[in-house]
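Small disclaimer: the values here were computed from a predicted structure and weren't measured. First the proteins, then the strands, lettered A, B, ... as listed; each starts at 1.
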There are 2 protein chains.
Amino acid sequence: MPRMSEAEKRKSHKRILEKAAQLFRERGVEAPSVSDVMQAAGLTHGGFYRHFKSKDDLVVSAFRLAVDDVLADMEAAVTEEERAAARADYIDTYLSMCHVDNRGNGCPLAALAGELSRGSPDAKAEGLHAVERVSEHLREGTDAGQGIALLALMLGTVTLARLAEREETVQTVLDAGHTGADLIRSAWPETAKEVDAKSV
Amino acid sequence: MPRMSEAEKRKSHKRILEKAAQLFRERGVEAPSVSDVMQAAGLTHGGFYRHFKSKDDLVVSAFRLAVDDVLADMEAAVTEEERAAARADYIDTYLSMCHVDNRGNGCPLAALAGELSRGSPDAKAEGLHAVERVSEHLREGTDAGQGIALLALMLGTVTLARLAEREETVQTVLDAGHTGADLIRSAWPETAKEVDAKSV
DNA sequence: ACTTATAGATGATGATTGTAATCTTAAAAT
DNA sequence: ATTTTAAGATTACAATCATCATCTATAAGT
């Protein structure tokens, strides 16, 4: 059958990355084999090394694609209103039941941060870069700490919620996360002007 | 050489569990093989199944031991003052540089929650049980939500911090987590009586 | 004292893995 | 038109894994 045209190779490359981004988020970076990913992309494992230097290379590239994907809406927003709306939507979607049991399209940090931090230096660096990108979008005019704390709370909430089996329990965890997120967003020292004014 | 006495078997069992609890937290539950764990315990792989039904059984048991271990101080506290002190110490130790680069003795949820949630039903259940235990100790008289949100924030903070290589960056993440934790602890609706009183 | 049960060592098994070599064929380059 | 290049398929390989079978020698039960 081979060989395919240049354009078809690019399509294959994209398909491999997309399927990998989904499979890794669903089952972790160890469980899906190179063969699994290639099969999901409609190929056999033989051609893999025409596209990626190693499995670790695929992991890093697929993770980056996943981050691009989940940040697309926030990065497309241009006006301050649009960005505020996209931010609010991101947080609500993040702390939702749908996100909890839809790992394959969810936050790549919630799915893989733990594994990346034990992975290659490249993987760790890509993970840290994702933290910077996401938290930068999340902060609301104050120092970077707010974005990081908010991301940490949200990531932790979803991680804990995914341990629960009963839907009721999942919702309890999500509600706690939501309350915590509101606290961080409204009461962050440098933001909450009213609170500061009162306490002076 | 074999066979060992009953007392020695119990010692072996304990040693296997302790080493497993450390290795799994350090490198995840997949990376260390049964043979690795047994070697760390000073044994060969052959005797493993005299102690555990399967590797998954070991994972679940070792995780539970790790939770027992990190909660020991808080569970030993009897008076309310002791419990408050143990709680404060737990939070400070949790959000410390030492915890970030000492996975093997750190919070088993921060190390393994992501993997457990993709694991066997038994593993998930054990993970959820740990969430209940830890968050119960963390809450300060209010509803369970505070404990869960606080745990989520702390777990998320350490998870993100472990992606960073530079010590300075780690500290930035930890500082953000600390500020967020103070917010959740002091401003949780049902706790902050003064705030409630003011707003009525 | 004698038998039995068993902790741990040794070695095997079958499956899976990441990676590499080789082959086929059609797309690029000349 | 001819040559060269390379995408993807097939097959191979060396390593690793969880689990099991077997062996040993000693502790526990009688």
What are the two closest non-hydrogen atoms of [X] and [Y], and how far apart are they?
X	Y	result
A/D92	A/H178	OD1-NE2, 3.0 Å
A/G177	A/L153	O-CD2, 3.6 Å
A/G28	A/L112	CA-CD2, 4.0 Å

Separation of [N] [atom2] from [X] [atom1] (nearest whole Å):
X	N	atom1	atom2	result
A/L43	D/dA9	CG	C1'	10 Å
B/I16	C/dA7	CD1	C1'	10 Å
B/E30	D/dA18	CD	C1'	12 Å
A/K9	D/dA6	NZ	P	9 Å
A/E8	D/dA6	CD	P	18 Å
A/D36	C/dG18	CG	C1'	12 Å
B/M38	D/dT19	CE	P	13 Å
B/Q39	D/dA18	CD	P	13 Å

Checklist entry - Base, sugar-phosphate alone, or nothing: which one does B/S33 contact when heavy atoms must sit under 4.0 Å apart? => result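 Sugar-phosphate: the residue B/S33, judged by heavy atoms under 4.0 Å, touches backbone atoms but no base.
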
Checklist entry - Looking for any heavy atom pair under 4.0 Å, which part of the strands does B/Y49 touch: base, sugar-phosphate only, or nothing? => result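 Result for B/Y49 = base.
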
Next on the checklist: When you group the ILVMFWY residues by side-chain heavy-atom contacts below 4.5 Å and let the links chain together, are A/V67 and A/V158 in the same group?
Outcome noted: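 Same hydrophobic cluster.
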
For [X] and [Y], indicate whether the former's side chain and the latter's backbone hold a donor-acceptor pair under 3.5 Å.
X	Y	value
A/R15	A/A41	yes
A/E30	B/A31	no
A/R133	A/H129	no

Next on the checklist: Check this for me: does any side-chain nitrogen of one of A/R87 and A/E80 sit under 4.0 Å from a carboxylate oxygen of the other?
Outcome noted: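 Salt bridge flag = yes for A/E80 with A/R87.
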
Next on the checklist: Any carboxylate oxygen within less than 4.0 angstrom of a Lys/Arg side-chain nitrogen, looking at B/E136 and B/R139?
Outcome noted: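 So B/E136 pairs with B/R139 through a salt bridge.
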
Checklist entry - Using a cut-off of less than 4.0 Å, is there contact between a side-chain N or O of A/S12 and OP1 or OP2 of D/dG8? => result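 Yes, such a contact exists.
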
Polar atom pairs (N or O), protein with nucleotides 11-14 of chain D, under 3.5 Å:
unit_1	atom_1	unit_2	atom_2	d
D/dT11	O4	A/H45	NE2	2.6

Checklist entry - When you measure from every atom of DNA chain D, which of residues 50-63 of chain A have a heavy atom less than 4.0 Å away? => result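 A/R50, A/H51, in order of number.
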
Would you list the protein and nucleotides 27-30 of chain D atom pairs, both N or O, that sit under 3.5 Å from each other?
unit_1	atom_1	unit_2	atom_2	d
D/dA28	OP1	B/E6	N	3.3

Checklist entry - Regarding B/R103 and A/S117, is there a side-chain donor-to-acceptor distance under 3.5 Å anywhere? => result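 B/R103 vs A/S117: donor-acceptor pair found between side chains.
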
Checklist entry - Do the rings of B/H99 and B/Y94 sit parallel, tilted or perpendicular, given the 30° and 60° boundaries? => result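 Perpendicular, since the angle between the ring planes exceeds 60°.
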
